[in-house]
Amino acid sequence: MGCLSSAGGSSVSQVVMGTIQVYISQDTGWSIERIAIAVTAGTWISGLFAPLAGFMADRYGPRLLTTMGLVVVGCCLLVISATNNNSLLQFIVPYVIARSISNPFLIGVVPRVATVNFFRRWRNITIAISGMARPVGGAINIQIISLIALNQSWRAAYGYVGVFLLLLAVPAFLTMRRTPEEIGMLPDGARPSRATADARRTADSRPGSVGPEPEFSWTAREAMRTRAYWCLAGTAVFAIIASAGSGYVLVPYLVSESGPGLTNPQAVGVGSLGAVLALTTLVWGYMADKLGPRRCMMITITGAVASGIFLITGVNSVLTAYIFAVLWGFFSNTVGTLEHMLLAQYFGRGSFGAIMGSLGPLQTTALGVGPLFGSYLLTYTHSYSLVFMVLMAMYAGAGLLIFLAKAPRLPPRATASGPDTAPAAV
């Protein structure tokens, strides 16, 4: 249910807007810079909600928050569907509201908290599955909205998506829970009685053993005192600006005379293919269990930089554009998901929502800066090559920071009182 909600919320994400903006701009006459203002404003405001969403997710769980998010975003999309060409404000206001709510409550903080709470042994792979929902959902939304825009209008497309989100709110409210303990289970679907028996068998078979090692839960304050936390924050900022900026100017570049000169449908297909390849996040979830999420992040960031360089040096046809989409989708879509795996690995589940939410203002500020930075840099330089080179340099900076983000030592509370598996205080 969390994945479905994330997929629905991605209808107002930057990757979708960056791809379908050509239809909105051609129909209304609004420039992509004006549309970028709405995207940026909504993204920045969502950052203000992220710490609150994290705190509430730790305390109350995803049920109420997800349901509320679906209703609000669904209603906003219905308002957008009634927009007329003479009222840019009528588009901006509901879009900003939808964007500011969808990012923390449907796409980011809340579904990740639910995943971390319900899994430990299978945490990396389930975070990977959860992480696929936004880009895969975005790719589906791109195709649906584009198809309806060609045959009816982009307004009708947003109207249909709005109705879907309102209908989805009902099963979300009925099925979602805060923790597995609420339904008499433990993480990974284990039953308390079975977990106790397993621990006893382990203790009997290995003298001195007391069963599986408990997971220590850091508080948000403790986490923010570590170098690893701030290196991860910097990695997220640089990688998000680079990814968001690249995604926002990608389709305009592909259809431009200075680029490959693809048609709008061809360029949209390239953009959506890159998003669909977020399915490869499952591969990175598996690899994170083998190599660790930090090493996987260094590999994916290196691959993303190489893909970006290939875009401006080797893409000159539909075929090479699709080759780029495959490479870009494989490497660039999973950085944020791997970061969440690393946060859970370093700091545990007790205050995961608060810790992840505390990064929200920085991350969403970067997410909002990306489209503005890319579009305005293009406006002033008139060079797509320069824009992509600058963005790839920022990706390289993210790689350096993740290299420095080594596992922190446990705080004094851990050594003084022993591991604390209960949810920690924020």
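Given the structure is predicted, the values throughout are model-derived calculations rather than measurements. Quick note: numbers below take in every heavy atom, side chains included, and nothing from hydrogens, waters or symmetry partners.
- Between the side chains of Ser332 and Tyr395, no donor-acceptor pair of N or O atoms lies under 3.5 Å.
- With Thr226 contributing its side chain and Ala223 its backbone, the two residues share a donor-acceptor pair below 3.5 Å.
- Trp218 and Ser351 make their closest contact through O-CB, 3.4 Å (heavy atoms, listed as atom of the first residue, atom of the second, distance).
- Ring to ring, Phe91 and Trp30 are close: their centroids are under 6.0 angstrom apart.
- Crowding of Phe388 atom CZ: a count of heavy atoms from other residues, nucleotides or ligands under 6.0 Å exceeding 12.
- Closest non-hydrogen pair, Gly9 versus Leu165, comes out as N-CD2, 4.4 Å.
- A centroid separation of 6.0 Å or more is found between the aromatic rings of Tyr229 and Tyr346.
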Between Phe310 and Trp328, is a ring pair (Phe, Tyr, Trp, His ring centres under 6.0 Å) present by the stated rule, with each step listed? CA-CA 10 Å; Phe310 172 69; Trp328 182 256; over 10 Å; no

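- At most 12 heavy atoms of other shown residues, nucleotides or ligands fall within 6.0 angstrom of atom CE in Met389.
- The 12-atom threshold is not exceeded at CZ of Phe403, counting heavy atoms of other residues, nucleotides or ligands nearer than 6.0 Å.
- Among Val335, Thr334, Thr337, the single residue meeting the side-chain contact (heavy atoms from CB on, under 4.5 Å) criterion with Met297 is Val335.
- Ser46 approaches Asn103 most closely through the heavy-atom pair OG-ND2, 3.5 Å.
- Scanning all heavy atoms of the two residues, the minimum distance from Leu65 to Ala53 falls at CD1-O, 4.1 Å.
- With hydrogens and angles disregarded, no donor-acceptor distance shorter than 3.5 Å links the side chain of Arg112 to the backbone of Gly353.
- Taking each heavy atom of Val255 and Ala267 in turn, the nearest pair found is CG1-CB, 3.5 Å.
- Residues Ser10 and Asn141 have side chains that bring a donor and an acceptor to within less than 3.5 angstrom of each other.
- The backbone N or O of Pro111 lies less than 3.5 Å from a partner atom in the side chain of Thr115, making a donor-acceptor pair.
- Across Trp230 and Met224, no two heavy atoms sit closer than the pair NE1-O, 2.7 Å.
- A cation-pi arrangement is present between Arg63 and Phe173, with the terminal nitrogen or guanidinium carbon under 6.0 Å from the aromatic centre and inside a 45° cone about the axis.
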